[in-house]
Amino acid sequence: PDTAAAAAHHGLMRRFVFTGAAAIAAFSVGMAWLLTGFIESRLLQRDAVLSRDFVQSIVTTQHVAAALRAGRVEGDAGFTEFFSHVAAMPDVLRANLYTTDRRVLWSSRPEMIGRAFPDNDELDDALRGVVVVHREEGDDDAPDAKPEHMLLGARPSEFVENYLPVYDETGRLVGVVELYRRPLALIEAILSGQRLVWAGALAGALFLFASLAWYVRRIAGALREQQARLVEAEALAMVGEISASVAHSIRNPLGSIRSSAELQRELGGEAPADLADEVIAQTERIEHLVRTLLSYARGPVDAHGRADLGQALRDAQARFHSEFAGQGKPFEATVPEGLGEVAVDPVLLAQMLASLLSNAAEATRAGEGVRLAAERVGRQVRIVVEDHGAGIAAAALGEVGRPFFTTKPRGLGLGLALVRRVAERLGGGLDVASDGPGRGTRSTLTLPLHTP
């Protein structure tokens, strides 16, 4: 199940990497493309409107509207000054003046004067009173170049066309000024803005991808946790069924076996006395396993129970002191005063402590010590059981505390599972650490103190 869960997790992450990255990239590129186009069009349009206002102010100041309406500007000093101002505007490559009948009335290139260009959509729009901006990039002599682009130069160039309608004093359109401009400062400003937009889009895409990846990882972790809880619930249901059967099917025969062994030991006989002791010890072991099954299969922890933690630790110390001494294992216990109470049944707390110390006893040999310590940390108490025994391999540490997982040749793998389950339901936890095989194990049980 763990392998399948890990494979599903990696599959989810791979699908997110490809689909999420593609979607975010498409969105970011689309938005950047729209914004760069918007920046370019708005800046060019604004520049053209300013140019139109400047040209219109000269038309009004020089009083050339009448000459434009008449279509005769030769010898008109005001018109000559008007057009000299227009031709001298910054970045202007060429200036043309069209009459309302689409004829070039004046141009900074004399060769253009008198010509007409019927296929010019931009001029049509300008004659309807629209300020037109058209940006061209390419070769002036290219086959698809527009006729009105003639004589702009043979080398590749980048320029902007402005078609600026001009009006007389009554607001009547009297002509169109066409400007071919190379606004280098404006183009550089546009390119800077576009670069900034693309950089922002890239940074935003990376941030969005990282945020979504973090969120997906959290979701995947939550799914793994939920799956583990479902597995535990299934195991718990199975334990409940087993325990009910075990309680009725084993306890009565066990009582008979134990009674017979005790009677045999008292009466004596051909069988050695230590054989009866062995029978009694094994029946006690089976009884302990049955109790563990029943405890694990019980319902939620009774939060109304109260247990004096210091007393429970001292009872556990007294219970295991003789056992460790008989096995030649040094046992050290540090139980400070005033630890407080925890909201758990005292019998269940005693069983939790017994599970931790029993594991330490089974993991150590003669001469290898065990330490029990407790300390109060804020509104919690931390209980540590540390041994210098067999230790746990790194690969098995993640499995410790799961139902039916055990590294011992005998046992059900429910002792630490019971401890962890009760601790988590109380709002605490169990952490098992080891530096590796042969380097001991440290079990840290954290329980919240009871608040009146």
Side-chain angles (χ1 to χ4, degrees), residues 37-73 76 78-138 140 144-153 157-183 186-187 190:
F38 176 78
I39 289 174
E40 179 178 354
S41 63
R42 292 293 294 175
L43 288 179
L44 291 175
Q45 185 70 27
R46 182 59 182 165
D47 180 69
V49 169
L50 291 175
S51 298
R52 190 276 313 272
D53 293 343
F54 177 73
V55 170
Q56 182 65 50
S57 68
I58 300 177
V59 169
T60 303
T61 302
Q62 300 298 329
H63 305 288
V64 297
L68 291 177
R69 282 195 302 269
R72 293 188 301 273
V73 295
D76 190 314
F79 182 82
T80 301
E81 186 174 356
F82 156 75
F83 208 84
S84 65
H85 285 307
V86 172
M89 289 176 63
D91 305 320
V92 172
L93 301 176
R94 178 196 294 171
N96 298 328
L97 176 61
Y98 289 90
T99 61
T100 55
D101 60 359
R102 310 173 62 85
R103 180 172 55 88
V104 178
L105 182 63
W106 192 264
S107 175
S108 57
R109 294 297 298 263
E111 300 92 332
M112 298 289 295
I113 297 176
R115 299 183 64 113
F117 303 98
D119 298 326
N120 191 333
D121 296 335
E122 291 87 359
L123 179 59
D124 293 339
D125 291 336
L127 289 172
R128 290 193 290 269
V130 178
V131 177
V132 179
V133 180
H134 182 70
R135 186 175 180 182
E136 286 284 348
E137 296 183 7
D140 298 320
D144 58 347
K146 297 198 298 187
E148 62 268 23
H149 293 175
M150 61 183 294
L151 304 175
L152 275 174
S157 61
E158 181 181 272
F159 56 86
V160 177
E161 284 183 85
N162 293 158
Y163 289 85
L164 313 175
V166 294
Y167 303 87
D168 61 10
E169 294 81 359
T170 65
R172 176 185 174 187
L173 190 144
V174 294
V176 172
V177 174
E178 179 188 25
L179 299 179
Y180 288 88
R181 303 178 60 211
R182 187 185 289 122
L186 177 62
I187 292 173
I190 291 173

message: Please evaluate residues V86 and F54 with respect to the criterion side-chain contact (heavy atoms from CB on, under 4.5 Å), reporting the C-alpha separation (whole Å), side-chain torsions for both, the decisive distance (0.1 Å), and the verdict.
response: CA-CA 9 Å; V86 172; F54 177 73; 5.9 Å; no
- prompt: Could you walk me through whether E81 and V64 pass the side-chain contact (heavy atoms from CB on, under 4.5 Å) check?
  reply: CA-CA 10 Å; E81 186 174 356; V64 297; over 6 Å; no
message: Working note: I113 + W106, criterion side-chain contact (heavy atoms from CB on, under 4.5 Å); need CA distance, chi angles, decisive distance, verdict.
response: CA-CA 5 Å; I113 297 176; W106 192 264; 4.2 Å; yes
message: Applying side chain to side chain donor-acceptor pair (under 3.5 Å) to N120 and Y98, what does each step give before you reach the verdict?
response: CA-CA 12 Å; N120 191 333; Y98 289 90; 4.6 Å; no
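The shortest non-hydrogen separation linking S107 to M112 is OG-CB, 3.5 Å. Closest approach of P165 and L173 over heavy atoms only: CB-CD1, 3.7 Å. Here the closest non-hydrogen pair linking V166 and V176 is CG2-N, 4.4 Å. Between S51 and N162, the shortest heavy-atom contact is OG-OD1, 4.4 Å. Smallest separation of non-hydrogen atoms from A95 and L179: CB-CD2, 3.7 Å. Taking all atoms of both residues into account, the shortest heavy-atom contact from P183 to D91 is CA-OD2, 3.6 Å.
Side-chain contact between V174 and T100: absent, with no pair of heavy atoms (C-beta onward) separated by less than 4.5 Å. Y167 places none of its side-chain heavy atoms less than 4.5 Å from the side chain of T60. R181 is listed as a side-chain neighbour of D47, based on a closest heavy-atom distance under 4.5 Å.
For D53, there are no salt bridge (Lys or Arg N to Asp or Glu O under 4.0 Å) partners at least two apart in sequence or on another chain. When the salt bridge (Lys or Arg N to Asp or Glu O under 4.0 Å) test is applied to R128, the partners found at least two apart in sequence or on another chain are D125. In this view, R46 satisfies the salt bridge (Lys or Arg N to Asp or Glu O under 4.0 Å) rule with no residue, not counting sequence neighbours.
Distance CG/L127 to CD/E122: 11.5 Å, rounded to 0.5 Å. Distance CD/Q62 to OG/S57: 9.5 Å, rounded to 0.5 Å. Interatomic distance, CG of L44 versus CZ of R42, reported as 11.5 Å (0.5 Å rounding). Atom NE2 of H63 is separated from atom CD1 of I58 by 13.0 Å, given to the nearest 0.5 angstrom. Of the inter-residue distances, the one linking H134 atom NE2 with Y180 atom OH reads 9.0 Å to the nearest 0.5 angstrom. In this structure, CG on L105 lies 9.0 Å from CZ on F83, to the nearest 0.5 angstrom.
A donor-acceptor pair is defined here as one N or O able to donate and one able to accept, closer than 3.5 Å; no such pair exists between the side chain of S108 and the backbone of R94. At distances below 3.5 Å, not a single donor-acceptor pair connects side-chain atoms of E161 with backbone N or O atoms of E178.
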